[in-house]
Each structure stands twice: as C-alpha cells, then as structure tokens.
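Each remark here refers to the structure printed beneath this line.
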Amino acid sequence: MIFKSPNDIPSSEITPESTYLNRRTFIRTAVMAGSVIASGAIYRGLTQPAPAQLAADQGPAATMLEGPEGESVTTFEDITNYNNFYEFSTDKRGVADKARGFVAEPWTVAVTGLCAKPTTFDLDGLARLATPEDRVYRMRCVERWSMVIPWLGVPLAAVLSAVEPLSSAKYVAFTTLYDPSRMPNQKTSILGWPYVEGLRLDEAMHPLTILSTGLYGRPLLPQNGAPLRLVVPWKYGFKGIKSIVKIELVAGEPPTTWNREAPDEYGFYANVNPKVDHPRWSQASERRIGEFGQRDTLPFNGYAEQVAGLYSGMDLRRSF
Ligand code: MTE
C-alpha cells in the first residue's frame, strides 16, 4: 500500500503456468455472475466437508481450473506467498512465514448491531447457513497487481439475512481480530489497529460478495486471512478484510483503515476504475501475477454488468 511502489514485483518472482489443478470443477465467474439471482442452481453446492473440516494438508488434485473469461487461475504458490497482511508483515513475501502457526480455531464472528437477531457464529454455524460455494474471482490490488483466485465461501447475504437487519441498517462494518500476541505487527503503529472495513448494505447483500473460508478447495491459510475474510471482487483488494471477528450493521458510513491512514489516496468505495488514477500512479493497467507484461484494468474489475447499477446516479469519482 503506501509503503511500497506498485512496481515492486521482480520478474524473477513470477512463474507463468498454464494449468492449475484442484479436486473440483470450478464455475466460470463471468457466466455465473449474471445469473445468480435467477438461478441458485448455477452455483455448485459442494457435497464435500465444510472447509473447517478439511485437513490442512489436503492438497490440490485432479480437476482443471478455469478462471473468468478463460483467464488462467493464479497458482496456489503465488496466492499463498505474495500477500498483504500488515498484522504480520509489510513484506509481501514475508507474510506467510510470519503468519505460520497462527491458530485460527476455535473462532467466532459476532454479527451484531442494527438487527433483530444478533448472533455469534462459529465456523460450523456459518457453514450451516449456506453451503460453501466455489467462486473464481479476479482480485485487483490498488498497487496495480492482480490475481485470479478460486475462493470457497458463503454469500455474505446469507449471513446478514440470518440476523434480520433492521430498516435503519444502511452499512456494514467489519473488524479484524486484535491480538498483538498472535499478530505481532499489531505491536507496532504501522497502521491504526484493528484493521476495519465497510460496505454499503446493498453492496454487502450483492450476490457476488462472499465471506471466504477457503481457496483451492482448502481452508484459508493464515496469510490469506484465516479463517474468514471478505471478498468483494469489483473493489480494490484492500476492501477484503481478513481474519474477521465482528460484522456490525450500522446506520452511517463506517471508518475504513486505508481511508483513515491516507484519505487522499483511498476512498470508502474503492471500486476498481481504470480511469481514475491513484494520486501517485495510473490505474489503467495491471500486472497479473504469473504473467509477463501488463493487461488493461477493467471497470469494476470486469464485473460492471453485475454491479454498475449499484452506483447509478452517483458521482463516479466519489465511487472510486
Ligand atoms: N486485511 C487485514 N486485516 N490486514 C491487511 O493488511 N490487506 C488488504 C486485504 N485485507 C489487509 C487485509 C490488502 S491491501 C490486500 S491487497 C488484500 O488483503 C490481499 O489479500 P491476499 O494477501 O489474500 O492476496
């Protein structure tokens, strides 16, 4: 984020690959995204154990993965070794090592605030609300790199609906665990802790928005936000808050970590827009990890058809 240049990925760190394997067939996000509301069936329900029950050492095997629009899925190796998670390290290649041994079970998330039935869920409780689904999404970091990630997760809408939001609830606020004994960088003041994020309620209820509990069919590793992180594929990656312990329905726009740290650089909405530059670099293109060269950044990260309507009538500069 503000501490590193967007061009900090040495080409030596990039390993192109053309095939990616997993135990399941994944759905092409571009196809599924437009049909979510019309057909629940297009999301593949998993008959396998919930992520929390999968042994951590079960590795990818067996089925070809396909990304959105036929794009290659980023390797498990890159997704789990090139991370932003400041609670552990500001060195992307150092997060995995620093986060090794982070114990993410037992875990609970309190879903609370302006709702009729505030509830604290454990991981099995979440999995009971909705069958975890495979979602292959692009992730575009504001720093100008991107990946295609085969997430596993539950629609956030299912979780929020379970607690019955009141009509006064207009936004959703998310909070990461604060425990400096387990997240060592929280002993520093590199960010104001805990990391917080937020969405408008309609963004949170959108069918593309998920709470992820895994990727590549395995439970999330600590570096990716175990055991539970937010995924909002049309927004810059910093909206994807990790290791969430609280989800609160609120009336007003909640504070967000990067907006608080650098309000001129990071907005609340943070919708991917190639036409609105970061004050210090262009957002027109991006480097896909695992590829050479640059590719064009797409409006709303390629999900405009599904989400642009959420912002109709809004000053687009404000939404980016
Ligand atoms: N969540 C917390 N709690 N702390 C962080 O530092 N970094 C964000 C986001 N979520 C971050 C976080 C940023 S800047 C990005 S780009 C994504 O996580 C990176 O997710 P990944 O490491 O799984 O690729």
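Numbering of ligands and ligand atoms starts at 1, following listing order.
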Which atoms of ligand 1 have any heavy atom of [X] under 4.0 Å away?
X	result
Asn83	21 (P), 22 (O), 23 (O)
Thr176	3 (N)
Met139	20 (O), 24 (O)

*Taking the non-hydrogen atoms of Gly240, is any one of them nearer than 4.0 angstrom to ligand 1?*
yes
*Could you give me the CA-CA distance, side-chain angles and deciding distance for Lys235 and Glu197, then say whether salt bridge (Lys or Arg N to Asp or Glu O under 4.0 Å) is met?*
CA-CA 12 Å; Lys235 293 180 179 285; Glu197 256 305 337; over 6 Å; no
*Tell me which part of Phe238 gets within contact of ligand 1: side chain, backbone, both or neither, using heavy atoms under 4.0 Å.*
both
*With a 4.0 Å heavy-atom cut-off (strictly under), which part of Arg229 contacts ligand 1: side chain, backbone, both or neither?*
side chain
*Parallel, tilted or perpendicular: which fits the ring planes of Tyr311 and Phe300, with parallel below 30° and perpendicular above 60°?*
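Tyr311 vs Phe300 ring planes: parallel.
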*asked:* Please verify the inter-ring angle class for His278 with Trp281; under 30° counts as parallel, over 60° as perpendicular, anything in between as tilted.
replied: parallel
*With salt bridge (Lys or Arg N to Asp or Glu O under 4.0 Å) as the test, would you mind laying out the steps for Arg288 and Glu71 before giving the verdict?*
CA-CA 10 Å; Arg288 179 69 50 84; Glu71 294 163 36; 2.9 Å; yes
*Quick one: do Glu143 and Lys92 make a salt bridge, cutoff under 4.0 Å?*
yes
*Backbone or side-chain N or O of Asn224 under 3.5 Å from ligand 1 N or O*: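 N/O-N/O distance below 3.5 Å exists for this pair.
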_Side chains of Arg135 and Tyr137 only: does a donor on one sit below 3.5 Å from an acceptor on the other?_
yes
*Can you figure out which of Lys242, Met183, Glu87 has its heavy atom closest to atom 4 (N) of ligand 1?*
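Looking at heavy atoms only, Glu87 sits closest to atom 4 (N) of ligand 1.
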